[in-house]
Amino acid sequence: MKIFNSYTNQLEEFKPIHKGKVNMYVCGPTVYNYIHIGNARPVIFFDTVRRYFEHRGYDVTYVSNFTDVDDKIITKAIELEKTEKEITDHFINAFLKDVEKVHSKTDYIQPRVTEYMDHIIDYIQQMLDKEFAYQVEGDVYFRVGKARDYGYLSNQNIDDLKTGARIHINEKKENPLDFTLWKKTEEGITFDAPFGEGRPGWHTECVAMIDDIFGEKIDIHGGGSGLMFPHHENEIAQSLVLNNHTIANYWMHNGLLNIGSGKMSKSEGNVILVKDLEIDPNVFRLFTLSTHYRSPIQFTDEVLETYQTEWEKISRLYKQVFVKLDLGDMLQGSGRIHPDLLSLYHDFLEAMDNDFNTPNAITVLQDLIKLGNQILRQTHDLELLKSVKEVMDEIFSVFALTADVSPMPKKDKQLYRDWQHARQDKEFEKADKLRAELQDKGIL
RNA sequence: GGUCCCGUAGCCAAGUGGCUAAGGCAAUAGACUGCAACUCUGUGAUCACCAGUUCGAAUCUGGUCGGGACCUCCA
């Protein structure tokens, strides 16, 4: 299994730290608003990564945080005349609802910044003690100039960054690249620390959480490519000071989702919220996974319609196969997959093993659909159809696709057989009536 | 101004040095069908452009044009 490691910028064989285990952390949302469809991409992609590792037999510990301390949350709280906690509780619930809406798992570890304040303060103190941080008028900054390998992850060198630094000069900083660890403030919710009252910057939380939860270097750290700099760069800088390692063996970054021509972001105002999305989650997942995770995706109605069509084709076949097997009392899994289908399943694994090449994996699914349709029309071989279903079930479980099927009660089975008989006997009026009934029941 | 990414058929999208450049959608021609729907089969690209490296390039190098990201909160 190969993964593209953003840290080394190359494809690497995946080797877990602990045999059979995967420890992974994905940067979660700052909970001051509903998430948009661009935020859903890492949710869906890393959920797929988790599912695939589990499919491969790994025991996965998946952690993703909630940033529930932030200026934007405070602004929102003041604006709505509520407490920060009311705001963040509301948007955490909303987030989890959206995660479910796109068929992603919510049973992962969800640390919140407010629960980690002691750790964060302790970490900042340690950095001060080691002189990798300094205080100015109650603020605490990280001393980037002293950090080792700063810029390695995002492939930038400090001098270029300095040259490119925009005019936004903070007189308090020794160096414009230094980032805030602690900000002195009296507005909104604040916390007490040895270095004064205020709140933490957002770069320390991930390090503190990962260290507390896992207690060591982890396998995978994921997030959107927009986080690579400065957020992940800053995380690594701190971890090198505190723990002398780069947090994760493999850094994974997903590309952005664009809408129309430009990028979608909260500040651009061209957002589509997940909660307002009115498409089948299966379609949205197919759409999201139809492009390799490191490439950007364009969100357009035309492409969405393509995957709508695609999903109808996939789910239609699944349903037909399911009904055939149900009629033949062959829904129970045999665990034996026919060689022809087994080779397709292996193609699927091969695609996924190659840095989660979901587009190619979807192509395998399409091959499977074609084959299934041929069997359905030509050989009617139930054993083969059973294998088709079983391979589809495997792929569905990794992609979190769900076709709407359930075993038929006896009278529906009879109805189906009656329909077939009516057609054979050329009693078309009767057949059409039965067909309409079956369609009403969602069997056809 | 600095750093970096991308440009494959009408649309989406694999492939990143070597047989005739996967696959899907759309289009079109056919087959199947009692009618619908579905389904299957056939049909399409000198890989933005130019120059170079190489026995050989969509794939590597340089340049041109076009699009985008980051350097500031952002998945």
Side-chain angles (χ1 to χ4, degrees), chain A residues 9 11 26-30 32-33 35-46 64 67 70-72 151 154-157 159-168 170 176-177 179 201-202 222-233 253-258 261-268 271 286-287 290-298 300-310 312-314 316-317 319-320 347 351 354 357-367 369-378 422-424 426-429 431-432 435-436 439 444:
Chain A
N9 252 317
L11 217 51
V26 178
C27 285
T30 300
Y32 70 101
N33 212 334
I35 61 164
H36 60 242
I37 53 175
N39 301 109
R41 190 177 185 192
V43 169
I44 291 174
F45 173 66
F46 287 108
S64 188
T67 300
D70 185 274
D71 280 1
K72 277 177 280 198
S154 54
N155 251 319
Q156 285 171 298
N157 70 61
D159 292 336
D160 287 342
L161 285 168
K162 274 187 198 161
T163 313
R166 300 199 183 167
I167 309 164
H168 191 65
N170 182 339
L177 295 179
F179 56 90
W202 77 301
S225 59
L227 292 182
M228 198 187 260
F229 187 90
H231 185 54
H232 291 161
E233 199 71 71
H253 292 94
N254 63 274
L256 300 179
L257 183 150
N258 300 315
S261 56
K263 128 180 185 171
M264 173 171 56
S265 69
K266 291 162 192 166
S267 49
E268 293 280 329
V271 297
L286 272 181
F287 159 74
S290 67
T291 300
H292 187 85
Y293 76 91
R294 283 189 277 126
S295 301
I297 285 193
Q298 293 287 333
T300 65
D301 289 341
E302 192 183 356
V303 175
L304 229 48
E305 279 166 27
T306 298
Y307 289 101
Q308 177 69 43
T309 305
E310 197 57 44
E312 283 166 10
K313 194 170 169 176
I314 294 167
R316 190 181 296 126
L317 174 79
K319 207 168 181 174
Q320 289 176 340
D347 289 345
N354 184 22
N357 195 326
T358 53
N360 282 341
I362 288 174
T363 297
V364 175
L365 180 58
Q366 289 167 335
D367 291 343
I369 299 308
K370 185 174 284 190
L371 185 59
N373 274 313
Q374 287 166 341
I375 296 168
L376 212 52
R377 300 303 169 103
Q378 291 160 19
R423 287 176 65 202
Q424 275 166 17
K426 301 203 191 296
E427 295 178 53
F428 297 127
E429 253 181 62
D432 286 352
R435 178 170 68 188
Q439 282 169 333
L444 280 184

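All values derive from a computational prediction rather than experimental measurement. Quick note on labels: first sequence line is chain A, next is B, and so on, each numbered from 1.
- Between A:S225 and A:Y293, the residue anchored closer to the 5' end of RNA chain B is A:Y293, taking for each the nucleotide with the nearest heavy atom.
- Pair assignment for B:rC40: B:rG30, on the basis of Watson-Crick or G-U wobble contacts that are both within less than 3.5 Å.
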Full working for salt bridge (charged side-chain N to carboxylate O under 4.0 Å, His left out) between A:K370 and A:D367: CA-CA 5 Å; A:K370 185 174 284 190; A:D367 291 343; over 6 Å; no
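- In terms of polar N and O atoms assigned as donor or acceptor, the side chain of A:R435 comes within less than 3.5 Å of the base of B:rC35 in a complementary pairing.
- B:rU3 and B:rA69 make up a base pair, with Watson-Crick or G-U wobble contacts both under 3.5 Å.
- Pairing partner, B:rC49: B:rG63, with both Watson-Crick or wobble hydrogen-bond distances short of 3.5 Å.
- Phosphate proximity of B:rC4 to A:N9: absent, as no side-chain N or O sits under 4.0 Å from OP1 or OP2.
- Summary of the strand contacts: A:K426 and A:T309 both lie near RNA chain B, and taking for each the nucleotide with the nearest heavy atom, the more 5' one is attributed to A:T309.
- Within 4.0 Å (heavy atoms only), A:N360 reaches at least one base atom of the nucleic acid.
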Atom pairs, N/O to N/O, protein against nucleotides 41-44 of chain B, distance under 3.5 Å?
unit_1	atom_1	unit_2	atom_2	d
B:rU41	OP1	A:Q374	NE2	3.2
B:rU41	OP2	A:K370	NZ	3.4

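- The shortest distance between the side-chain N/O atoms of A:K313 and the OP1/OP2 oxygens of B:rG23 is not below 4.0 Å.
- With hydrogens and angles ignored, the 3.5 Å screen pairs a side-chain donor or acceptor of A:S64 with a backbone N or O of A:V26.
- A:D432 comes within 4.0 angstrom of a base, heavy atoms only.
- Rounded to whole Å, the C1' atom of B:rA13 lies 24 Å from the corresponding atom of B:rU39.
- Here A:R316 reaches the OP1 or OP2 of B:rU39: one of its side-chain N or O atoms lies under 4.0 Å away.
- Using a 4.0 Å heavy-atom cutoff across all strands shown, A:G226 reaches no nucleic acid atom at all.
- Between A:H232 and A:H253, the ring planes lie tilted relative to each other; the angle falls in the 30° to 60° range.
- At a threshold of 4.0 angstrom between heavy atoms, the contacts of A:H292 are confined to the sugar-phosphate backbone, with no base atom among them.
- Separating the P atom of B:rG15 from that of B:rA75 is a span of 28 Å, rounded to the nearest Å.
- Distances shorter than 4.0 Å separate none of the side-chain N or O atoms of A:N373 from OP1 or OP2 on B:rU39.
- Residue A:E310 places its side chain closer to B:rG24 than to any other of B:rC12, B:rA75, B:rG24.
- A:F229 comes within 4.0 angstrom of the backbone, heavy atoms only, and of no base.
- Applying the 6.0 Å contact sphere to CD of A:Q439 captures more than 12 heavy atoms from other residues, nucleotides or ligands.
- Judged by distance alone, with hydrogens and angles left aside, A:R377 brings a side-chain donor or acceptor within reach of the base of B:rC38, the pair sitting under 3.5 Å.
- Here B:rG10 sits opposite B:rC25 as a Watson-Crick or G-U wobble pair (both hydrogen-bonding atom distances under 3.5 Å).
- Close to B:rG24, at under 4.0 Å from its OP1 or OP2, lies no side-chain N or O of A:T306.
- The side chain of A:H36 lies closest to B:rA75, out of B:rA75, B:rA36, B:rC11.
- Of the nucleotides present, none pairs with B:rU16 by Watson-Crick or G-U wobble criteria with both distances under 3.5 Å.
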